[in-house]
Novice: 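Have a look at the structure that comes next, please.
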Amino acid sequence: MRVATDIGGTFTDLVCLEFDRKTGKPTGVKVAKADTTPANFEQGILDTINKGKVDLKEIGFFAHGTTVVINALTERKGAKTALITTKGFRDVLEIARCNRPDLFNFNFVKQPPFVPRFLRFEVEERINYKGEVIKALNTATLKAILKTCKEENVASIAVCLLHAYKNPKHEIQLLQELSKLTNKIEIIASHQVTREWREYERTSSSVLSGYVLPIAKKYLNKLEEKLKAKGLQDAPYIMQSNGGITTLNDVKSNPITMVESGPASGVFGAIALGKVIGKKDLIVLDIGGTTAKCALIENGQVKITTNYKIEHSRTEAGYPIQTPVIDIVEIGNGGGSIAWIDEGGKMHVGPKSAGAMPGPAAYGRGGKNLTTTDANIITGRIHPDYFLGGELPPDHASIAEASKPLCKTLNGSKEAIAKGILRIANANMINALKLISVNKGHDPRDFTMVVIGGGGAMHGADLARELQVSELIVPPHAGVFSAFGMLMSDIRRDYIRTNVLTLVRQQKDTIAATFSEMQKEAISNFKADNYKEEDIKFTYYADLRYAGQEHYVKVLLTHFSRLTALEDIIAHFHEEHEKHYSFRLEAPVELVNFHLVAEVAVEKPDFPKMDASGRTVAEAIFDQREVDFDDLGKHDTPFYRRELLAPNMMLHGPAVIAETATTTVVTPLHEVRVDAYGNLILTLQKTA
């Protein structure tokens, strides 16, 4: 068996693929959902294993994605952290950047740093931007620094010295000295987190990785221990933000790479699905219980960026993390997003969520606020027999009670409020989808939309109609697709180094030598985890810009070698720059960052084709109810069981297709075709 688990803000998902021992072909899929257990994350995983009746002794591959890092950061539940930096630079973390996210927004608030000033320490040393030692490292103050840290109950120390991205010699010395003096405090240095320049971003990344290091290590150790006790033979693989999996030991050394592990896996699952069905240009929308995430895939590729921030908004600059993350937009809009009224009497939905406990009012667990899930129930879009996987009937009395304050304030009926909630939630998601498409020069009409997560298929048809996307795909097991995507990911590690140089012939050897050095580091790291050199596949990227520019464009160096002509790289950059910014310049081109991707392929399951069942579409109908489709009116609507739909079946909206982990809402304007792999393909009816 091959198993993947994904911890979300509200639910923990499990996907289990079973294989025939003789043929090696998949024989079945098990899925399970359980409440996420924030106080004890691994319990949610064990709950899904028990629900799915999975025997851990039979598992040959186990992948895991978790929100433990992002939750620790956003909820400020990490470890007390100190910072050691170069003398004169202790305030880099607090000075941050001067640019506001929204220049004319007077509600801007300067966010406090994760490390207060009295826990930011300095050491005498200096390395210049070329990596040359100007002043040797003086470690005489380390004992005094550690004494203060112990008195203040510091659990983690981040080390970030000036220009260590270019030459980490002094950081390595510091780590060695600190490890001799203490083994009770976790220590991490910037060169272990990022080898990319920009002092504030590098310091912030190091501090945040140090902040989550103790809690992540503790969680991963407990997870490994409990899974082993239940019979798991091999250590689990961990999903990273770059869309690849890695070993447990690798992620323990730098846990910040897990910051967006769940959303990344769903996107890479969609890429794998797109290859099978011949769709290379995709917009992926993942709506969970707490958030909605979206990403754009062009020609089968998703952009990887290190310009990632947490808590970034119009009024907050956020905290940068220089770790490779898929280019994703995430908003606080999910099934549990709470509807609320501001001081001006305007209704909002999210970002605050009801979570799993108490959850939406419909759960009957004491939730006092109306949520997006409750609105979908009021409009009749969720069948009561399929609510929470059929485990719990909706609590209509609690929904009615939760809706009273909104009805009173807005002087409207429960049904009108519900439609308003869905309109606002959809508008929020449309804005997010435009950020990854229209705002970056892409026409949504040129893409196919793939919707995943528990809420993706509920809202997908309305969103596709608004964006004029011609085709919407709901894959099998869409509600747990992020977990499924982990089974489609390879072991991946990104190596990035800043070395600014002009692309001229004299620099050709330097470019080749730098990539060669990075390759050696990658090979050494993979060998330490018992992988063979011949199994490693390398992909080369460079961050390029015109001389005089501040920022850069990432360019794929196809089939890079020492023989690659610089003229070809420059020509490729001109094309990419013009594509992004609509112009090119006759100016020297600079290389800023070397980016090497090292991957080891993991055996992946095929997307199994479905067999024809011989049934008719009508046989899949199990109920007929009135559903409110907002501006399209109320309609007497058939409800279908998805597991009874077979390839080549066609059905016309209005319709609702129910399954264990999600529900697909088909508007009166849409029709549905089931393809050979069991995907639901929604398109506008030709008569509409």
Novice: What I'd like to find out is whether the side chain of R120 reaches to under 4.5 Å of the side chain of P113, using heavy atoms alone.
Specialist: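 Side chain of R120 against side chain of P113, heavy atoms only: contact under 4.5 Å found.
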Novice: Is a donor from one side chain sitting under 3.5 angstrom from an acceptor on the other, for E196 and T498?
Specialist: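 No.
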Novice: Between T502 and Q507, is there a side-chain heavy-atom distance shorter than 4.5 Å?
Specialist: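 No, side chains not in contact.
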Novice: Donor-acceptor pair, distance only, cut-off 3.5 Å: does the side chain of Q111 make one with the backbone of E316?
Specialist: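 Answer holds: no.
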Novice: Do the rings of F583 and H577 sit parallel, tilted or perpendicular, given the 30° and 60° boundaries?
Specialist: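 Answer is perpendicular, since the angle exceeds 60°.
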Novice: Can you tell me if R76 has over 12 outside heavy atoms packed within less than 6.0 Å of its CZ?
Specialist: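 Atom CZ in R76 is crowded, with more than 12 foreign heavy atoms closer than 6.0 Å.
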Novice: The criterion is ring pair (Phe, Tyr, Trp, His ring centres under 6.0 Å); which residues satisfy it with F268, sequence neighbours excluded?
Specialist: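 Scan of F268 (ring pair (Phe, Tyr, Trp, His ring centres under 6.0 Å), adjacent residues dropped) gives none.
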Novice: Could you pull out all residues at least two apart from H574 that satisfy ring pair (Phe, Tyr, Trp, His ring centres under 6.0 Å)?
Specialist: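 Ring pair (Phe, Tyr, Trp, His ring centres under 6.0 Å) check on H574 returns Y546.
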Novice: State which residues pass ring pair (Phe, Tyr, Trp, His ring centres under 6.0 Å) with F560; sequence neighbours excluded, sorted by chain then number.
Specialist: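 Ring pair (Phe, Tyr, Trp, His ring centres under 6.0 Å) check on F560 returns F515, Y540.
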Novice: I need the full list of side-chain hydrogen bond (donor to acceptor under 3.5 Å, both in side chains) pairs touching residues 256-267, with sequence neighbours left out, sorted by first then second residue.
Specialist: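 Found E260-Y308.
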Novice: Considering only residues two or more places apart or on different chains, which pairs with a residue in residues 120-146 satisfy ring pair (Phe, Tyr, Trp, His ring centres under 6.0 Å)?
Specialist: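 Non-adjacent pairs meeting ring pair (Phe, Tyr, Trp, His ring centres under 6.0 Å): zero.
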Novice: Regarding E171 and S190, do their side chains bring together a donor and an acceptor under 3.5 Å, going by distance alone?
Specialist: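 Distance-only check passes for E171 and S190.
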Novice: Looking only at the side chains, is there a donor atom on one of T305 and K303 sitting less than 3.5 Å from an acceptor on the other?
Specialist: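 Looking only at side-chain atoms, K303 and T305 do not form any donor-acceptor pair under 3.5 Å.
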Novice: Using modelled atom types and a 3.5 Å cut-off, is there a donor and acceptor pairing between side-chain atoms of N128 and backbone atoms of K130?
Specialist: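 Here the side-chain-to-backbone pair exists.
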Novice: Going by the rule ring pair (Phe, Tyr, Trp, His ring centres under 6.0 Å), which residues pair with Y165 if we only count those two or more places apart in sequence or in a different chain?
Specialist: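 Only H163 meet the ring pair (Phe, Tyr, Trp, His ring centres under 6.0 Å) criterion with Y165.
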Novice: With side chain to side chain contact (heavy atoms under 4.5 Å, CB included) as the criterion, how do V123 and I145 come out once you've worked through the C-alpha distance, each side chain's angles and the decisive distance to 0.1 Å?
Specialist: CA-CA 10 Å; V123 290; I145 289 171; 4.3 Å; yes
Novice: Compare all side-chain heavy atoms of V553 with those of F573 and state whether any distance is below 4.5 angstrom.
Specialist: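 Side-chain contact under 4.5 Å: yes.
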Novice: Knowing that exactly one of I271, D281, I326 qualifies, which makes a side chain to side chain contact (heavy atoms under 4.5 Å, CB included) with I297?
Specialist: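 Only one option passes, and that is I271.
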Novice: If you draw a 6.0 Å radius around CD in E586, do more than 12 non-hydrogen atoms from other residues or ligands fall strictly inside?
Specialist: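 Atom CD in E586 is not crowded, with 12 or fewer foreign heavy atoms closer than 6.0 Å.
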Novice: Do K80 and L119 have side chains that approach each other closer than 4.5 Å (heavy atoms only, starting at C-beta)?
Specialist: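 Touching, per the 4.5 Å side-chain cut-off.
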